[in-house]
Amino acid sequence: METPLKDSVLDFYIDDQGVTPWTLSVASGYNLLRDPHHNKGLAFTEKERDAHYLCGLLPPTVISQDLQVKRLLNNLREYQVPLQKYMAMMDLQESNEKLFYKLLIEHVEELLPVVYTPTVGEACQKYGSIFKRPQGLYISLKEKGKILEVLRNWPERNIQVIVVTDGERILGLGDLGCQGMGIPVGKLSLYSALGGVRPSACLPVTIDVGTNNERLLNDEFYIGLRQKRATGQEYTELVHEFMGAVKQNYGEKILIQFEDFANHNAFDLLEKYSNTHLVFNDDIQGTASVVLAGVVAALKLVGGTLADHTFLFLGAGEAGTGIAELIALEISKRTSTALEDARKKIWLVDSKGLIVSSRKESLQHFKKPWAHEHEPIKDLIDAVKDIKPTVLIGTSGVGRTFTKDVVEAMAAINEKPIILALSNPTSQSECTAEEAYTWTKGRAIFASGSPFNPVEYEGNVFVPGQANNAYIFPGFGLGLIMSGTIRVRNDMLLAASEALAAQVTQENFDKGLIYPPFTNIRKISANIAAKVAAKAYELGLATRLPQPEDLVKHAESCMYSPSYQNYR
Ligand SMILES: O=C([O-])CC(=O)C(=O)O
Ligand SMILES: [Mg+2]
C-alpha cells in the first residue's frame, strides 16, 4: 500500500516527523476496514483485496465510490427524523471518512442542515444519549496541569486547526456544557468539506469547566463534569494552560478558532490571545465578515453606498457588536471618515432597550462604543420607528423577536427592507422566511443564520439566503494555513468579506439573493482563501515564502480530495 497516503498538497507541509507509525501498522486486513481514513468498503478492488488480506471479509461485489454515494443518499432520505440522519452521517464519518466527505461535498445544500445548523443544535442537546465514540478531545478541570500530555493522546500529530468551545453558549441554545462538542466536530467537518483542509489536520476540543444547566446536571446521561461552572482564576488558568500547550505542541502556525463561548469570556479571550496566537473567533469575526458581505451585496439590489444606510441590531453580544464594528470599519475605510463617526450609523438594542449614552456607565465594555446620544427607548418596535433603519439585524439568540409589528414597520419605512434573522438554530431565528416575505408583501431582502425553504407568496417564489459564518471560516482558515500566517487581523476579515460579496452573480441577484448558493462553496472558499492569504502576505504576517503567484490556483491545489486513492 502507498503509505504515507497524501490527502492533499498540504501534506507537503507536514513537519519531519511525518505520519504516525500507528497508521502503518494497522492498515491492512480487517483493521483496514476499521480504519476510517483508509477504508473504502465495497469499493476495494480485487487487486487491493488480494494485496491487503481482505478476501472473504467483503462480499464479492466491487462497486464505485459514486454508487456508494448514491446508495447512502437513498438511505439517508429514508429517515424522517433529522437527528437520525445526523447519527447516520456521524457513523459514516467514523467508518469511511472519504465517503462521508464525498457525500457531503456533492450534496452540500441537502446535507449541511444535517451535519450543521439546525440539526447539530439538537445533537448537542442530546449528545450524552447519542454518544458513541470520542470525536474530539475533552479537556476538563481534571486535566489541569497535564494538558500537554492530553494533547499527545490524540492520534494525529500534524494538526493545523483546532475549533474549541467551552459549551457555555451553544448557538442560541445556551449552556450545554460538555455536550457542546457537537459544535467543534461540525465546524471542522465543514473545514474539510467546504474549505478543503485535511480531516486529519483538524482537532475538535471541548473545555469542560462544568455547566450551569440544571437539566443537564440532573440528566443521568450527561457526559460532562457534574458541577457548576468554574469561573475567575480557575477558568482563566485552565484556558491559559490549554493555549500554551497547543502552541508548544503544534507550533506558532496552529489556528485556534473559538466557538460558542459566552460573551463574558469571548471578547476577553480574543483580545488576550490575538497578539500571541493565531486565533479567530467565529461568532464575533466570522459572522461579521459574512454579514458585511451580504450587506455589501444587497446594495446592488437596494442602491446607495454602505454609508447611506442605517443599521439597527437586536442583540449586542458577540455577533451584534462584531458585525457592527466590521461594518463601521468598512464605512470608515470607504469614506475616509473617523471610525467614531462611522459608528454613528449603527444602533444596537439589547435586553434593556436601545443602547444610549445615559446607559454608558452600566454597559459591558464591548457595548460602550455603541452608546450614542439619544433618549432611552425600551422596545424594539419603538426603536425601529424612531431610528428608521434600512437594515435590521437579529443577533439576540432569542426566537420570534421580529414580530409582525416590527417587520411591518420596516416595510413602512423602506421600499426594500433588508432583514437578517441570524440567530441559530431555526427555533431561535428572529422570524421565519415566510413571515419576512408575507409581512413585507414580498419586498424584504431576507437572509437567516439557519436555512429556510423557499417561500411562495402571491404566485412568486422567494429564495432566502443563509447568512451563516460557514461561508467564511473554512476559506478564511485555508487562507491562513496555506500561507503560514501567524496572526489574524481585521483587514483579513474585510478581504474575506469582499471576496464573498464578489462571488454573488447577476443570476443570484436576479433571484433576490445576496449570497451565492452553497453548491459552489469550494470555489468560493478558494477565492476567500486567496484574498485572505494575499492580505497576510501584504501585512508581512505570512511565513510560507515565496508567495505563490496565483493564490486561487494554489488554494485549489491545497484542497483535500475525498476521492479514493488506489492502493498498490
Ligand atoms: O453555528 C452556526 O450555525 C453559526 C454560529 O456560529 C452560531 O450560531 O454560533
Ligand atoms: Mg458559533
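Numbers for residues simply follow the sequence, beginning at 1. Order of listing sets the numbers, starting from 1, for every ligand and every atom in it. Just so we're clear, the structure is a prediction, and the values are computed from it rather than from any experiment.
Taking 4.5 Å as the limit, every side-chain heavy atom of Phe446 sits out of range of all side-chain heavy atoms of Glu434.
Per-residue contacts place Tyr116 under 4.0 angstrom from the following atoms of ligand 1 (heavy atoms of the residue considered): 1 (O), 2 (C), 3 (O), 4 (C). Every atom of ligand 1 with a heavy atom of Thr117 under 4.0 Å away is listed here by number and element: 3 (O). Each of the atoms 6 (O) of ligand 1 lies under 4.0 Å from some heavy atom of Glu259. The contact set between ligand 1 and Lys187, taken as ligand atoms under 4.0 Å from a residue heavy atom, comprises 1 (O), 2 (C), 4 (C), 5 (C), 6 (O).
With respect to atom 8 (O) of ligand 1, the closest heavy atom belonging to the protein is Asn424 ND2, 2.7 Å. Looking only at protein heavy atoms, the nearest one to atom 9 (O) of ligand 1 is Arg169 NH2, 2.6 Å.
No hydrogens or angles considered: a donor-acceptor pair under 3.5 Å links the side chains of Glu430 and Ser423. In the model, Gln257 has a side-chain atom that pairs as donor or acceptor with a side-chain atom of Tyr191 under 3.5 Å. Using a 3.5 Å distance cut-off with no hydrogens or angles, the side chains of Thr119 and Glu122 do not pair a donor with an acceptor. In summary, the side chains of Gln135 and Tyr127 do present a donor paired with an acceptor at a separation below 3.5 Å, with no hydrogens or angles considered. Donor-acceptor pairing under 3.5 Å is lacking for the side chains of Asn213 and Tyr222.
In Asn468, the part holding a heavy atom less than 4.0 Å from any atom of ligand 1 is the side chain. Neither the backbone nor the side chain of Ile183 has any atom closer than 4.0 Å to an atom of ligand 1 (non-hydrogen atoms only).
Taking the N/O/S atoms of Glu259 in turn, the shortest distance to the Mg ion (ligand 2) belongs to OE2. Closest N/O/S atom of Asp260 to the Mg ion (ligand 2): OD1. Distances from the Mg ion (ligand 2) to each N, O or S atom of Asp283 single out OD1 as the nearest.
Considering backbone and side-chain atoms together, Asn469 places an N or O closer than 3.5 Å to an N or O of ligand 1.
Ring centroid separation for the pair His264 and Phe366 does not come in under the 6.0 Å cut-off.
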- Dump the intermediate steps for side chain to side chain contact (heavy atoms under 4.5 Å, CB included) on Arg229 and Asp175, then the final yes or no. CA-CA 10 Å; Arg229 278 187 180 273; Asp175 184 351; 2.8 Å; yes

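With sequence neighbours excluded, the residues that form a side-chain contact (heavy atoms from CB on, under 4.5 Å) with Ala470 are Tyr116, Leu190, Leu194, Asn468, Phe473, Phe518.
Taking backbone and side-chain atoms together, Asp282 has no N/O/S atom less than 2.8 Å away from the Mg ion (ligand 2).
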